[in-house]
*Asks:* 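Pasting in a structure now, in structure tokens, and then I'll have a few things to ask.
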Amino acid sequence: MRARLLAWYDREGRTLPWRIRPEERVAGRVADAYAVWLSEIMLQQTTVAHAAPYYAKFLSLWPTVHDLADAPREDVMAAWAGLGYYARARNLHACAQAVSRELGGVFPSDLEGLRALPGIGEYTAHAIRAAAFNLPASVVDANVERVITRVFRIEAPLPSAKPDIRKHAASLADPARPGDYAQAIMDLGAVICTPRAPSCGACPWAAHCAARAAGDQERYPVKAAKKVKPVRHGLAFVVLRGEGEGREVLVRTRPDKGLLGGMLEVPGTDWVVDAGALPGFSEAAPLALRWREAGRITHVFTHFELRLTVFAAPLSGEANLPDGARWVGVHPIRAAGLPTAMKKAVQAAL
DNA sequence: GATCCGTGGCC
DNA sequence: TGGCCAAGGAT
């Protein structure tokens, strides 16, 4: 099976900016561990298509781990805006600083050393070992889970089936080409063994796949039932000053931890389940201005749905700003520093 | 082990 | 159109 998979990968595997292709590896090209690490962090719960432009931007802005370590954190957060899961950006910066300042800029190649760094967990440690150092590893991500549960027709639901999946995956790994093998099985999941309508006719493992034999590939992986998302309500206040290219909006930085930690937001109320418990807009507003209700926006987070009523007001002249508040331009390049929910709120007020 | 963390594309 | 899904980690 491993020979069939690697032959398929040699032929059909994707060429990605951070990837060393088998022919390049044979020619002696060695991966840049910094680039591999950067790609792995960005690809956590994120598609290749979405992460790729950010990867190019980060490498261009900060070509080495030392450059990233020395960058102001707010620049890193702003560059990350739109990618989601902002703890990744905070950990990315902290990890770069640890590698640059404590490890001389050299990424560890052992699992313990990698796992000790912020933002690097079980999967990412193995992925870096395989892709950057071509060392033996056991990469189990969502792609591998899908492939393995189908090949072995595993009925137990995720996540409890994980140890069983890991055991089966390890039995198939190729010790001679660990880097290529890890990327091959993930490519197989991404390109052939897709969640819906898998291309079994083109799969190198079709003849060995129990689910394929039974004809119920799409039943796997079986997943535990998910919970319903509660709805939370809040008020958001968009204060605008200036016109045209110079137009600005009043923002503040969210607390370091928790939802959208360290990101910018417009002033607003807490987000509560009971809409009736919200204060009146005049009571909650950050400044006493002539407010108008500009609209309502909805944004769905991982575990709740947010509905914001957006109030807008122009500000001319000077005012005593609330603590921590400052102005940023609303033209696209600066608006890109806002997470999506806040972009929607600002947009509703324009 | 369960929960908390974004976002955009897909059918 | 809305639920599902994506190269997970931290607590």
Side-chain angles (χ1 to χ4, degrees), chain A residues 13-14 16-19 35-55 77 80-92 94-95 114-132 137-147 157-163 166 169 179 182-191 193-198 218 220-221 223-230 232 254-263 265 271 298-306 336 338-344:
Chain A
R14 294 177 294 180
L16 300 173
W18 47 85
R19 173 176 287 179
V36 169
W37 161 74
L38 182 60
S39 74
E40 289 297 342
I41 301 301
M42 288 185 171
L43 288 167
Q44 288 166 3
Q45 299 286 282
T46 306
T47 59
V48 167
H50 192 193
Y54 288 84
Y55 173 82
M77 299 305 291
W80 192 276
L83 249 192
Y85 285 127
Y86 298 98
R88 292 188 297 170
R90 300 194 297 271
N91 286 330
L92 183 86
C95 181
L114 286 165
R115 283 295 309 267
L117 292 166
I120 298 182
E122 183 73 11
Y123 160 77
T124 304
H126 282 271
I128 292 173
R129 244 176 92 76
S138 177
V139 176
V140 181
D141 69 339
N143 287 307
V144 176
E145 287 174 355
R146 191 166 55 253
V147 171
L158 284 171
S160 58
K162 210 148 187 176
R166 175 170 291 282
Q183 295 179 80
I185 191 169
M186 288 192 287
D187 264 25
L188 189 68
V191 176
C193 197
T194 49
R196 285 186 301 267
E218 294 196 48
Y220 305 91
K223 295 191 174 179
K226 22 191 87 154
K227 297 171 46 180
V228 294
K229 288 181 185 184
R232 295 188 200 171
R254 290 178 61 85
D256 210 47
K257 301 199 171 193
L259 184 76
L260 304 178
M263 299 300 292
E265 67 173 0
W271 303 337
T298 296
H299 187 77
V300 181
F301 290 101
T302 317
H303 55 296
F304 68 93
E305 178 179 321
L306 176 63
L338 293 175
T340 300
M342 294 301 146
K343 278 191 197 172
K344 289 180 183 174

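These numbers come from the heavy atoms of this one structure, side chains and all, not from hydrogens, waters or symmetry mates. A note on names: the letters A, B, ... follow the listed sequences, proteins ahead of strands, and every chain is numbered from 1.
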*Asks:* Tell me, please, which residues at least two apart from A/Asn143 pass side-chain hydrogen bond (donor to acceptor under 3.5 Å, both in side chains).
*Replies:* A/Asp141, A/Arg146

*Asks:* How long is the line joining CZ of A/Arg232 and P of B/dC5, in whole Å?
*Replies:* 7 Å

*Asks:* Holding to side-chain hydrogen bond (donor to acceptor under 3.5 Å, both in side chains), I want the full list of residues that pass it with A/Lys162, two or more places apart in sequence or in another chain.
*Replies:* A/Glu145

*Asks:* Quick one: label A/Leu260 by what it contacts on the DNA or RNA (base, sugar-phosphate, nothing), any heavy atom closer than 4.0 Å.
*Replies:* sugar-phosphate

*Asks:* Aromatic rings A/His299 and A/Phe301: how do their planes relate, parallel, tilted or perpendicular, breaks at 30° and 60°?
*Replies:* perpendicular

*Asks:* Check the distance between B/dA2's P and A/Lys227's NZ and give it to me in whole angstrom.
*Replies:* 11 Å

*Asks:* Who pairs with A/Thr298 by side chain to side chain contact (heavy atoms under 4.5 Å, CB included), at least two apart in sequence or on another chain?
*Replies:* A/Glu305, A/Arg307

*Asks:* Under the side chain to side chain contact (heavy atoms under 4.5 Å, CB included) rule, collect the residues that match up with A/Gln45, sequence neighbours excluded.
*Replies:* A/Tyr85

*Asks:* Reading DNA chain B from 5' onward, which residue's closest nucleotide shows up sooner: A/Pro159 or A/Leu259?
*Replies:* A/Pro159

*Asks:* Should A/His299 be listed as having a side-chain N or O under 4.0 Å from OP1 or OP2 of B/dG6?
*Replies:* no

*Asks:* How many Å lie between CG on A/Asp256 and P on B/dC5, as a whole number?
*Replies:* 14 Å

*Asks:* Measuring only the C1' atom in each nucleotide, how far is B/dG6 from C/dC4? A whole number of Å is fine.
*Replies:* 15 Å

*Asks:* At under 4.0 Å between heavy atoms, what does A/Gly261 touch on the DNA or RNA strands: base, sugar-phosphate, or nothing?
*Replies:* nothing

*Asks:* Which residues satisfy the side-chain hydrogen bond (donor to acceptor under 3.5 Å, both in side chains) test with A/Arg19, sequence neighbours excluded?
*Replies:* A/Tyr9, A/Gln183, A/Asp187

*Asks:* With rounding to the closest Å, how many angstrom separate the C1' atoms on C/dT1 and B/dG8?
*Replies:* 15 Å

*Asks:* If I take atom CD in residue A/Glu305 and atom P in nucleotide B/dC5, what distance separates them, rounded to the nearest angstrom?
*Replies:* 16 Å

*Asks:* Go through the structure and list residues passing side chain to side chain contact (heavy atoms under 4.5 Å, CB included) with A/Val48, not counting sequence neighbours.
*Replies:* A/Arg14, A/Leu16, A/Trp18, A/Leu43

*Asks:* Can you check the distance between B/dG1 and C/dT11, where both ends of the measurement are the C1' atom (answer in whole Å)?
*Replies:* 12 Å

*Asks:* Using a 4.0 Å heavy-atom cut-off, write out nucleotides 6-11 of chain C from 5' to 3' as B (base contacted by protein), S (sugar-phosphate only) or - (no contact).
*Replies:* BBBSS-

*Asks:* Categorize A/Val139 for me: base, sugar-phosphate, or nothing, with a 4.0 angstrom heavy-atom threshold over every strand shown.
*Replies:* nothing

*Asks:* I'd like a list of close polar pairs between nucleotides 9-11 of chain B and the protein, N/O only, cut-off under 3.5 Å.
*Replies:*
none

*Asks:* To the nearest Å, how far apart are A/Arg254 CZ and B/dG6 P?
*Replies:* 8 Å

*Asks:* Just how far, in rounded Å, is P of B/dC4 from CH2 of A/Trp271?
*Replies:* 15 Å

*Asks:* With sequence neighbours left out, write down each residue that passes side chain to side chain contact (heavy atoms under 4.5 Å, CB included) with A/Tyr54, or none if nothing qualifies.
*Replies:* A/Met42, A/His50, A/Lys57, A/Leu83

*Asks:* Could you report the tightest heavy-atom contact between A/Arg232 and A/Trp271, atom names first, then the distance?
*Replies:* CD-O, 3.7 Å

